[in-house]
Amino acid sequence: MSSIPNYDVTVIGAGPQGLLLATWLKIERPSLNILVLDRAESPGHKIGESTLSGFCRAMRSTDIRHEVLQRLFYTKNGLGFFHSDTDTPDLQTAPEYIIETFDETFQVERRACDGLLAANAERVGVSVRWNHRVEPEDSTFKAGASYLKCKTPSGSTTVTTRLIVDASGPASVLARHFGGYCESNVPFQTSATWAYFKNVKWLDEYRGWQNAAECPRDEYTQHICFKEGWIWYIPIVSWQKAADANLKAMLDYLAEPENPVLIRDELSQKFDCPYEQIWSIGIVLRSDRDRVSPQGPQATFEHYQRKLPVFAKLLEGAEILENHYPNHHPYAIRKNIRRFAREVAGDGWLSIGDAAFFIDPLRSPGLTGGVATAYYAMGEILGAFDEGNLSRSRFNRYESFVRDLYEMLEEQNQIAYMSHNHPQAISLVRRFGEVSSRAHFNGVCEGPYQIEDTNVWGHLHPEHRYRQREIWQIMREEEVEVGDRRTLEKQDPRDYERMMFRLQQAVGEHLDRYMGLTPYITNNQCEQTPLALAEATPKPHWVHPAAIADRQPTPLVAGWR
Ligand SMILES: Cc1cc2nc3c(=O)[nH]c(=O)nc-3n(C[C@H](O)[C@H](O)[C@H](O)COP(=O)(O)OP(=O)(O)OC[C@H]3O[C@@H](n4cnc5c(N)ncnc54)[C@H](O)[C@@H]3O)c2cc1C
């Protein structure tokens, strides 16, 4: 058995969060020896394609140029939401809300995205080793001196390291090893099924949109929302046909800040990396409402095409890709998406990204929420090295940050699902989130990723949390009450009128006041009916969400411990 010499930090997992954390650490403290291990042979296909501003800013803060992202990936300029039902004939007339772009972001193919992050990490001096599967059962863990056993194609090896960062995604190697990973009995569970297509009709070719959008509708991650869940629509520039070595050469070239950024066709020719246009389309379903997904992913797709005319039209003439990605069946499935580690730190280790928690892809919070944990962890790790204290107690603050973030995102996600009960609820809760996000973003958008960005979209602000909790409470009460009276099949938006009334009372005045922070509303004059109810009890004025105050600890939402 071979051994790898001492490292200060060893990261398990060369996904985006592990690679970004390693790169930040190396940039901040070049004297640290940093190793990233991944069980895969090379960067490969993964789900998680729609990025938000926080994640793109994080990439740019490690000197990855925006132009490089423009060449590699499909442009994304916001998030679109349609309300759809069995009798909604087409998307153009469906109730719609768009969170217009904060800045340009991208729909990424993960092999290219993770490969670019790996090339960039290596450029700054991080060691990245593929084909190294960490086996925790044969490893020992101690603050300042852990031994990690890794399986390699030629046998095994041991790494000696002062600190371990678990960035192993849903594998969550350390939390599972220490018995603290929670996948069952997680409330409000959801499951996803998805496939890749060619020849999908561009939304921009549809005629008769009722409202104006700032950008072509293909440049938004589209969400078609219905009672049981939602459908995603994501155009992707796919480099999958490029050989590993060629893609690596192109990404190494692009990671070098001095190299000219050629246009996409020139890059493709220079490195012999063909690319093509494909679409990622998937369905995510609430386990308490959907009855079809146990029949399998293809049956689920077919069922919802029959049920929702807009979905059938979306896929009209589209060709499913049978073998585009290796080990990817034409229809993929991920059951019980929600999961979390009960403990995200221990003596000599901490967990970041999906290894700490993942909630649900609705509104694409995965990479941006995850990168907040990576950046926060980076600061705590540097402090821990400075103090010579790598024990669990040193990471208490990190643990409570992760818990707050998890709870905020979980509550926010449940609100989003419950808003599908009524078309206007979708726009109301989207606007509620957008007002705080845009106010926060306007305050921090200049310069590189920074600690303020870890307050993802400003939604950890105590006043936002307070209102969010109120919204959750109203929606939950109403959903339970309607559910007691009517089966899901019989429910329609009229059953949720009282919910709408209560929501308008709770946040209508606030949304009216910050109308200027919701461009889709201001650009579509016809939508500008005030939400505040004349008879509503006056609410105290909010402090603007961008005015960050100290965060208070908040009660639990969903069974962290
Ligand atoms: C259906 C679905 C749709 C999603 N859509 C989006 C989206 O649109 N936008 C978004 O932002 N997020 C999305 N996500 C979430 C997103 O995929 C994750 O948040 C993101 O991939 C997490 O990054 P990570 O670096 O934490 O982990 P990962 O990207 O999962 O990387 C973990 C790495 O660890 C390695 N590893 C695992 N075990 C070991 C081991 N024992 N030894 C060594 N290496 C190991 C793996 O090979 C892998 O490379 C989606 C998730 C799902 C389930």
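Each ligand, and each atom within it, is numbered from 1 in the order the structure gives. The basis for the numbers below is simple: all heavy atoms, side chains too, and nothing from hydrogens, waters or symmetry mates.
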Practice task
Check the pair Tyr331 / Thr300 against side chain to side chain contact (heavy atoms under 4.5 Å, CB included), numbers first and verdict last.
Solution key: CA-CA 10 Å; Tyr331 295 94; Thr300 305; over 6 Å; no

Going by heavy-atom distance to [atom], choose the closest among [options].
| atom | options | result |
| --- | --- | --- |
| atom 14 (N) of ligand 1 | Gly48, Ser168, Pro43 | Gly48 |
| atom 29 (O) of ligand 1 | Gln107, Arg110, Gln17, Arg39 | Arg110 |
| atom 35 (C) of ligand 1 | Asp38, Leu174, Val108 | Asp38 |

Looking at [X], which atoms of ligand 1 are within less than 4.0 Å of one of its heavy atoms?
| X | result |
| --- | --- |
| Ile47 | 1 (C), 2 (C), 3 (C), 17 (O), 52 (C) |
| Lys46 | 28 (P), 29 (O), 31 (O), 48 (C), 49 (O) |
| Pro170 | 30 (O) |
| Ser50 | 7 (C), 8 (O), 9 (N), 10 (C), 11 (O) |
| Arg133 | 41 (N), 42 (N) |
| Ala171 | 37 (C), 38 (N) |
| Gly169 | 27 (O), 30 (O), 32 (C) |
| Ala192 | 1 (C) |

Quick one: does ligand 1 sit under 4.0 Å from the side chain of [X], the backbone, both or neither, non-hydrogen atoms only?
| X | value |
| --- | --- |
| Ile12 | side chain |
| Ser364 | both |
| Glu49 | backbone |
| Phe358 | side chain |
| Arg334 | side chain |

Do any heavy atoms of [X] fall under 4.0 Å from ligand 1?
| X | result |
| --- | --- |
| Pro136 | no |
| Thr51 | no |
| His132 | yes |
| Ala167 | yes |

Would you say [X] has any N or O atom under 3.5 Å from an N or O of ligand 1, going by distance alone?
| X | answer |
| --- | --- |
| Val134 | yes |
| Ala355 | no |
| Asp354 | yes |

Do other residues, nucleotides or ligands put more than 12 heavy atoms under 6.0 Å from the [atom1] atom of [X]?
| X | atom1 | result |
| --- | --- | --- |
| Lys151 | NZ | no |
| His66 | NE2 | yes |
| Lys198 | NZ | no |

Is it true that [X] and [Y] have a side-chain N and a carboxylate O under 4.0 angstrom from each other?
| X | Y | value |
| --- | --- | --- |
| Asp290 | Arg286 | no |
| Asp347 | Arg392 | no |
| Arg339 | Asp354 | no |
| Glu49 | Lys76 | no |

Practice task
Take Asp218 and Tyr233 through the test side chain to side chain donor-acceptor pair (under 3.5 Å) and record every step on the way to the result.
Solution key: CA-CA 8 Å; Asp218 301 289; Tyr233 167 95; 2.6 Å; yes

Handout entry: Protein contact of atom 11 (O) of ligand 1 - nearest heavy atom, named by residue and atom, plus distance
Key =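 Answer for atom 11 (O) of ligand 1: Leu367 N, 2.7 Å.
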
Practice task
Considering heavy atoms of the protein only, find what lies nearest to atom 4 (C) of ligand 1 and give residue, atom and distance to 0.1 Å.
Solution key: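 Ranking protein heavy atoms by distance from atom 4 (C) of ligand 1, first comes Pro361 CB, 3.5 Å.
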
Practice task
Would you check if there is a donor-acceptor pair between the side chains of Ser280 and Trp232 at a distance under 3.5 Å?
Solution key: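 Yes, a side-chain donor-acceptor pair sits under 3.5 Å.
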
Handout entry: Minimum heavy-atom distance between Met59 and Cys113, given as atom pair plus value
Key =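 Scanning both residues, the minimum pair turns out to be SD-SG, 4.2 Å.
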
Problem - Heavy-atom closest contact (Thr23 atom, Leu19 atom, distance) - result: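 For Thr23 versus Leu19, the nearest heavy atoms are OG1-O, 2.6 Å.
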
Exercise for the section: Take Tyr520 and Glu434 through the test side chain to side chain donor-acceptor pair (under 3.5 Å) and record every step on the way to the result. Expected result: CA-CA 11 Å; Tyr520 183 68; Glu434 184 182 6; over 6 Å; no

Exercise for the section: Kindly state whether the ring of Phe311 and the ring of Phe226 have centres lying under 6.0 angstrom apart. Expected result: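 No - the distance between ring centres of Phe311 and Phe226 does not fall below the 6.0 Å cut-off.
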
Handout entry: His223 NE2 to Ser84 OG distance, which is reported to the nearest 0.5 Å
Key =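 Reported value, rounded in 0.5 Å steps: 14.5 Å.
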
